[in-house]
Amino acid sequence: MSRVFNFSAGPAVLPEEVLKQSQEEMLDWHDAGMSVMEMSHRGKAYLSIAQQAEADLRELMAVPDNYKVLFLQGGASSQFAAIPMNLLRGKSIADYINTGAWSKKAIAEAKRYCKVHLAASTEESNFTSTPQEDELSLTPGAAYVHYTPNETIGGVEFPYVPQSAEVPLVADMSSTILSRPVDVSQYGLIYAGAQKNMGPAGLTLVIVRDDLIGEVIDGTPTMFNYQTQADNDSMYNTPPTYSWYLAGLVFQWLKGKGGLEGMAEINRRKSGLLYDAIDASDFYANPVAVNSRSWMNVPFTLANAELDDKFLQLAAEQGLQTLKGHRSVGGMRASIYNAMPEEGVKALVDFMAEFERTQG
Ligand SMILES: *Cc1c(COP(=O)(O)O)cnc(C)c1O
């Protein structure tokens, strides 16, 4: 068996320790005589798994007691609709900050339910920066302010948390959650699909302040109502049991890495290594404003795009895989989530130097 360094944007690399532990527990979880996949979600064994995962996540992110943590399905994309359904609460306007492909999808969906006010957009600069903090045009009395702290495709990350005063701040943290500490109390709602930085696909995490739930727009499906999910501990129906379990193993792995402070240090180093290599070369380039560069998704182009295919092919032969950039951006993209070991980034940087020397 040989594992490659997988730079996929999602579903993405998982910690090897976690995969091994789940392998060991595959047939017989803790003497239960069955796999976690085979357990009733209402049985004692599975409930202990689910509750431990929530407790570990709450500890890692220091989630205050007045926040619900929901383990849902439907992906971050379902939340694009669930958020207006739950958070409009009689209001008709929501503010959205448009910084890239995922913001745009969230905005398009919200427009089906409310009036969207664009508090800022970086579309004119082709989504290579974040708006200046003092340029945000926020609507007093808006239902909420939505933004995407890390744009997975553009590799653009906010260097600040927008200050929305008493208007609840909503963040799509799909590709940056758990990469560093955050102050949850600054947010009304945080959501994330699991398959970037938390676990396998199929699980969607929502962390929501409890005073914001309970009033949905007419016609909201029962399953999309946060109150339903909160009242039933995310078990109104069958939850994504195995993904929830694996995410729980990832949370424990993170605790062993020094929690989110420890992770932040590692991520700062890893991304620094890659950006330094790009900046030191005339052959590679990253288009993103330096203050808005993502720690998690690093797009880069070659000086000669005709070499793209050769780059990808030679990289793959060396075990550096899934580096092709998103079709809308072109070039390359290295996603270096928590589970990407530092050796993977070092191997990529070494390969890039060698490729430039021999082909550039
Ligand atoms: C991947 C991604 C999504 C979509 O997630 P799904 O779980 O596939 O719906 C939304 N927002 C961001 C920032 C993402 O990276």
Side-chain angles (χ1 to χ4, degrees), residues 6-14 70-85 96-112 116 121-123 127-128 130 144-159 161-162 169-180 182 187 189-208 221 223-224 229 234 239-240 242-244 246-247 250 267 271 288 292-299 322 324-329 333-340:
N6 174 14
F7 294 92
S8 169
V13 56
L14 286 164
L70 308 177
F71 292 82
L72 309 177
Q73 303 191 53
S77 302
S78 291
Q79 296 308 312
F80 295 163
I83 286 159
M85 286 175 164
Y96 277 73
I97 304 175
N98 181 16
T99 50
W102 290 114
S103 306
K104 279 178 97 160
K105 284 203 166 171
I107 290 165
E109 190 72 356
K111 281 182 173 166
R112 306 179 62 214
V116 168
S121 172
T122 55
E123 189 153 20
F127 298 127
T128 52
T130 49
Y144 58 88
V145 180
H146 179 284
Y147 83 119
T148 311
N150 185 67
E151 285 281 359
T152 320
I153 291 172
V156 172
E157 186 150 26
F158 275 75
V161 177
L169 183 63
V170 175
D172 175 359
M173 287 199 189
S174 293
S175 50
T176 187
I177 193 159
L178 303 174
S179 69
R180 75 198 74 190
V182 292
Y187 298 87
L189 186 150
I190 290 168
Y191 67 107
Q195 69 275 19
K196 313 297 172 44
N197 215 12
M198 240 176 336
L203 171 71
T204 312
L205 186 77
V206 172
I207 303 172
V208 57
M223 283 288 293
F224 272 38
Q229 299 291 357
S234 309
Y242 200 75
S243 298
W244 189 337
L246 257 222
V250 171
N267 288 329
S271 57
V288 179
S292 306
R293 284 173 161 182
S294 169
W295 282 8
M296 297 280 106
N297 311 98
V298 183
T322 340
K324 195 175 170 57
H326 191 272
R327 58 191 181 280
S328 66
V329 177
R333 173 176 50 170
S335 293
I336 51 174
Y337 297 117
N338 286 346
M340 171 57 65

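Everything numeric here is computed off the predicted structure, so don't read it as measured data. As the structure lists them, so they are numbered: ligands from 1, and atoms in each ligand from 1.
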Any side-chain heavy atom of Leu203 within less than 4.5 Å of one from Met198? no
Without placing hydrogens or testing angles, list every side-chain donor-acceptor pair under 3.5 Å for residues 149-157, not counting sequence neighbours.
residue: Asn150; atom: OD1; partner: Ser294; partner atom: OG; Å: 2.7
residue: Asn150; atom: ND2; partner: Ser175; partner atom: OG; Å: 2.8
residue: Asn150; atom: ND2; partner: Asn297; partner atom: OD1; Å: 2.8
residue: Glu151; atom: OE1; partner: Trp102; partner atom: N; Å: 3.1
residue: Glu151; atom: OE2; partner: Thr99; partner atom: OG1; Å: 3.2
residue: Glu151; atom: OE2; partner: Gly100; partner atom: N; Å: 3.2
residue: Glu151; atom: OE2; partner: Ser103; partner atom: N; Å: 3.1
residue: Glu151; atom: OE2; partner: Ser103; partner atom: OG; Å: 2.4
residue: Thr152; atom: OG1; partner: Ser175; partner atom: OG; Å: 2.7
residue: Glu157; atom: OE1; partner: Arg180; partner atom: NH2; Å: 3.1
residue: Glu157; atom: OE1; partner: Trp295; partner atom: N; Å: 3.0
residue: Glu157; atom: OE2; partner: Thr176; partner atom: OG1; Å: 2.7
residue: Glu157; atom: OE2; partner: Arg180; partner atom: NH2; Å: 2.8

Contact between Asp172 and Phe80 at the side-chain level, heavy atoms closer than 4.5 Å - yes or no? yes
Whether Tyr147 and Tyr187 hold their rings parallel, tilted or perpendicular, with breakpoints at 30° and 60°: parallel
Below 4.5 Å, heavy atoms only, C-beta onward: do Arg333 and Phe7 meet side chain to side chain? no
Within the heavy-atom cut-off of under 4.0 Å, ligand 1 is lined by Gly75, Ala76, Ser77, Phe80, Trp102, Thr148, Asn150, Thr152, Asp172, Ser174, Ser175, Gln195, Lys196
Would you check if there is a donor-acceptor pair between the side chains of Asn6 and Thr322 at a distance under 3.5 Å? yes
